[in-house]
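Below you'll find the structure, written out as structure tokens, and then a few comments.
Heads up: numbering here begins at 1 and tracks the sequence.
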Amino acid sequence: MRLARPQPGSAPNSFQVHTLPVPEQHAEESAADAIAATLAAGPEVAATTVTFRSEPQARAIRAAMARRQLTNYQLIPEAVAAVHFAHATTDLRDVSTLAVYDLGSSGLTVSVVDARTSDVHQCERISDISGDYLDSLIREQQIASGRIAHPADPAGLAALDALCRAAKEQLSSSNAVALPSEQGLVLLTQENFEALMMLAIESSARMTRDVIIRAQHPVQAVLVIGGGARIPLIARVLERTIGVPVIVPLEPETALARGAALLARPAQVAQAPVAAPVLPVEQVDDPTPAWLTAPTRGRRPLAALTGRGNNRRELNGAVLTVSSLAVIAAIGIGLGYGPEVLESGNSSDGPQAVPASSTPRPTVPTTAPPSTTDAVHGTVAAPPVQLPVDPSTVEPAPTQGPNTITVVPGLPPIIVPTLPPVVLPGLPPPGQ
């Protein structure tokens, strides 16, 4: 992890850079601790910017900062910080889209970024190619040569890896390097080093080309940053594979930290919303209709009972307003779905087909409803006029015969038909 602070009174792009070794698993917690210590030691620091690689890492950084009650900071993607640093140190007027090749100790990140708006079109990361992997290639080659004995413990292995890393960095400015160690002499030439790195670097260049193709935005330059950018072979292979200029800034391993320092701005604290002034009760229009309010039944006002008339009136007004809205909503639902309910209630069990030649119902023009009083008088009909009945015009009731039976008084009688007598053979007829 690297901390960059602008040097006061120096060049615009001059920074104080501090490198802090932190484990990969707890990088967010270590970053929050380092920021808290820096702010405590330097109260004059007005803004802090932290770069993140992915959204899960950004959430982890926010959680770590919140646990330390740090709020004056901002998070930006690593590619955005790299592009901003490139603008501050390189002429990018002819570059609209930039590819960022970031080879660090733990992996390779390739991003395609709009150089004018800082929009990230594509970003991919792999851990198969990294600075640690390149160091392991040198270590295995030195052990295989017979000049270096294999370390017996993890501490000796870590020391040998650090020695191979130092030899790799020195090869960026020389053709050969020889570094003594407890296990033997680390001897490495530029030719041997490039032969070891060629397959990995060519694979990384093909990955960069594929990311650019997937982004569907042609790039005009490639920015190489990270500790691996010091290897001259990387710039040559990228330029040959992609066919665009390759930009390698000075001290490429600190490009992200310096770009973040250039983007640092004080965090904007959200202002609390201003509450609307509460109007007096006399100035508030009561939306409750008159028919909804119940008449008082000889009760005394609440102000006379409690002595807090204003507060009670405001509370009651709010309750009445909510109640009236609920009632009006219920009426609206009833009006909207009433015709469908009536039609489905009057229909039979099975579906009824409507003839095609049926006459459509006439459309009744909508008019404003009359007042309550006019509607009542307009819909109430006058009682029917009782006319005198002439007795001579009333037909007399028919006389009942022997076969007429009255079952229910007031209803027509039932006439039972007369059956003819039945004569059986061998018997005398009835009446003899």
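Listed by chain and residue number, Glu194 satisfy the salt bridge (charged side-chain N to carboxylate O under 4.0 Å, His left out) test with Arg236 (two or more places apart in sequence, or in another chain). Listed by chain and number, the residues in a side chain to side chain donor-acceptor pair (under 3.5 Å) with Thr51 amount to none (sequence neighbours excluded). By the side chain to side chain donor-acceptor pair (under 3.5 Å) test, Arg206 pairs with no residue at all, sequence neighbours left out. Remark: Asp119 pairs with Thr117 by the side chain to side chain donor-acceptor pair (under 3.5 Å) rule, at least two apart or across chains. Ala176 meets the side-chain contact (heavy atoms from CB on, under 4.5 Å) test with Thr189; sequence neighbours excluded. Applying the side chain to side chain donor-acceptor pair (under 3.5 Å) criterion to Asp91, with sequence neighbours excluded, gives Arg93. Every residue meeting the side-chain contact (heavy atoms from CB on, under 4.5 Å) condition with Arg214, not counting sequence neighbours, appears here in chain and number order: Gln122, Glu124, Asp210, Val211. By the side-chain contact (heavy atoms from CB on, under 4.5 Å) test, Gln170 is found to be paired with Val177, Leu179, residues two or more places apart in sequence or in another chain being considered.
Shown here for Ala86 and Leu92, the closest heavy-atom pair between the two residues is CB-CD1, 3.7 Å. Across Pro151 and Ile143, no two heavy atoms sit closer than the pair CD-CD1, 4.3 Å. Here the shortest heavy-atom pairing between Ser106 and Ser127 reads O-CB, 3.7 Å. Closest approach of Asn72 to Ala46, counting heavy atoms only: ND2-O, 2.9 Å. Ala58 approaches Leu75 most closely through the heavy-atom pair O-CD1, 3.8 Å. Residue Ile225 comes nearest to Ala82 through the heavy atom pair CD1-CB, 3.8 Å, listed as atom of the first residue, atom of the second, then distance.
Between Val110 and Val100 there is no side-chain heavy-atom pair separated by less than 4.5 Å. Put simply, the side chain of Arg5 reaches to within 4.5 Å of the side chain of Val45, judged on heavy atoms. Two residues are said to be in side-chain contact when any heavy atoms from C-beta on lie closer than 4.5 Å; Ile35 and Val50 meet this criterion. Under the 4.5 Å side-chain criterion, counting only non-hydrogen atoms from C-beta, Val219 is not in contact with Leu98. The shortest distance between side-chain heavy atoms of Leu223 and Pro249 falls below 4.5 Å. You'll find the side chain of Ile76 stays beyond 4.5 Å of the side chain of His84, heavy atoms only. Side-chain atoms of Leu3 and Val17, non-hydrogen and from C-beta on, never get closer than 4.5 Å to each other. In this structure, the side chains of Thr208 and Ile212 come closer than 4.5 Å at one or more pairs of heavy atoms.
Listed for the Thr90 side chain is no donor-acceptor partner under 3.5 Å among the backbone atoms of His87. Listed for the Arg147 side chain is a donor-acceptor partner under 3.5 Å among the backbone atoms of Leu187. Side-chain atoms of Ser203 do not come within 3.5 Å of backbone N or O of Leu199 as any donor-acceptor pair. A side-chain donor-acceptor contact under 3.5 Å links Gln220 to the backbone of Ser96. Looking at Ser145, its side chain does come within 3.5 Å of a backbone N or O of Gln142 through a donor-acceptor pair.
No side-chain N or O of Thr109 forms a donor-acceptor pair with one of Tyr101 less than 3.5 Å apart.
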List the atom pairs, donor and acceptor, that lie under 3.5 Å between side-chain atoms in residues 130-137 and the rest of the protein, sequence neighbours left out.
from: Ser130; atom 1: OG; to: Tyr133; atom 2: N; distance (Å): 3.2
from: Asp135; atom 1: OD1; to: Lys168; atom 2: NZ; distance (Å): 2.9
from: Asp135; atom 1: OD2; to: Arg165; atom 2: NE; distance (Å): 3.0
from: Ser136; atom 1: OG; to: Tyr133; atom 2: O; distance (Å): 2.5

Identify every side-chain donor-acceptor pair in residues 259-267 under 3.5 Å, counting partners at least two apart or on other chains, and give the distances.
from: Arg265; atom 1: NH1; to: Leu262; atom 2: O; distance (Å): 3.1

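If you take CG on Leu171 and CD1 on Ile138, they are separated by 7.0 Å, rounding to the nearest 0.5 Å. Here Ser173 contributes atom OG and Gln190 contributes atom CD; the two are 9.5 Å apart, rounded to the nearest 0.5 Å. The CD atom of Glu182 lies 11.0 Å from the CD1 atom of Ile148; values are rounded to the nearest 0.5 Å. The line from CD of Glu253 to CG of Leu250 is 10.0 Å long, rounded to the nearest 0.5 Å. Atom-to-atom distance recorded for Met1:CE and His18:NE2 is 11.0 Å, nearest 0.5 angstrom. The OG1 atom of Thr48 sits 9.0 Å away from the CD atom of Gln74 when rounded to the nearest 0.5 Å.
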Chi angles and distances behind the side chain to side chain contact (heavy atoms under 4.5 Å, CB included) call for Arg139, Leu163:
CA-CA 9 Å; Arg139 179 193 65 207; Leu163 196 63; over 6 Å; no
Any chance you could lay out the side chain to side chain contact (heavy atoms under 4.5 Å, CB included) test for Glu78 and Asp102, step after step, and finish with the verdict?
CA-CA 9 Å; Glu78 291 180 346; Asp102 183 4; 4.0 Å; yes
Show the numbers, then the answer: is there a side chain to side chain contact (heavy atoms under 4.5 Å, CB included) between Phe15 and Arg2?
CA-CA 11 Å; Phe15 300 90; Arg2 292 177 174 86; over 6 Å; no
Show your working on side chain to side chain contact (heavy atoms under 4.5 Å, CB included) between Val112 and Val120 and close with a plain yes or no.
CA-CA 6 Å; Val112 179; Val120 181; over 6 Å; no
Could you please spell out the steps behind the side chain to side chain donor-acceptor pair (under 3.5 Å) verdict for Arg125 and Ser111?
CA-CA 9 Å; Arg125 179 177 175 82; Ser111 307; over 6 Å; no
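The pair Arg68-Asp33 counts as a salt bridge, with a side-chain nitrogen and a carboxylate oxygen less than 4.0 angstrom apart. Of the charged side-chain nitrogens involved, at least one lies within less than 4.0 Å of a carboxylate oxygen, so that Arg67 and Glu29 count as a salt-bridged pair.
Screening residues 206-243 for ring pair (Phe, Tyr, Trp, His ring centres under 6.0 Å), with sequence neighbours left out, gives His121-His217. The stretch residues 166-203 participates, sequence neighbours left out, in no ring pair (Phe, Tyr, Trp, His ring centres under 6.0 Å) pair at all.
With a 6.0 Å radius and a threshold of 12 heavy atoms from other residues, nucleotides or ligands, Asp94 has its CG atom at or below the threshold.
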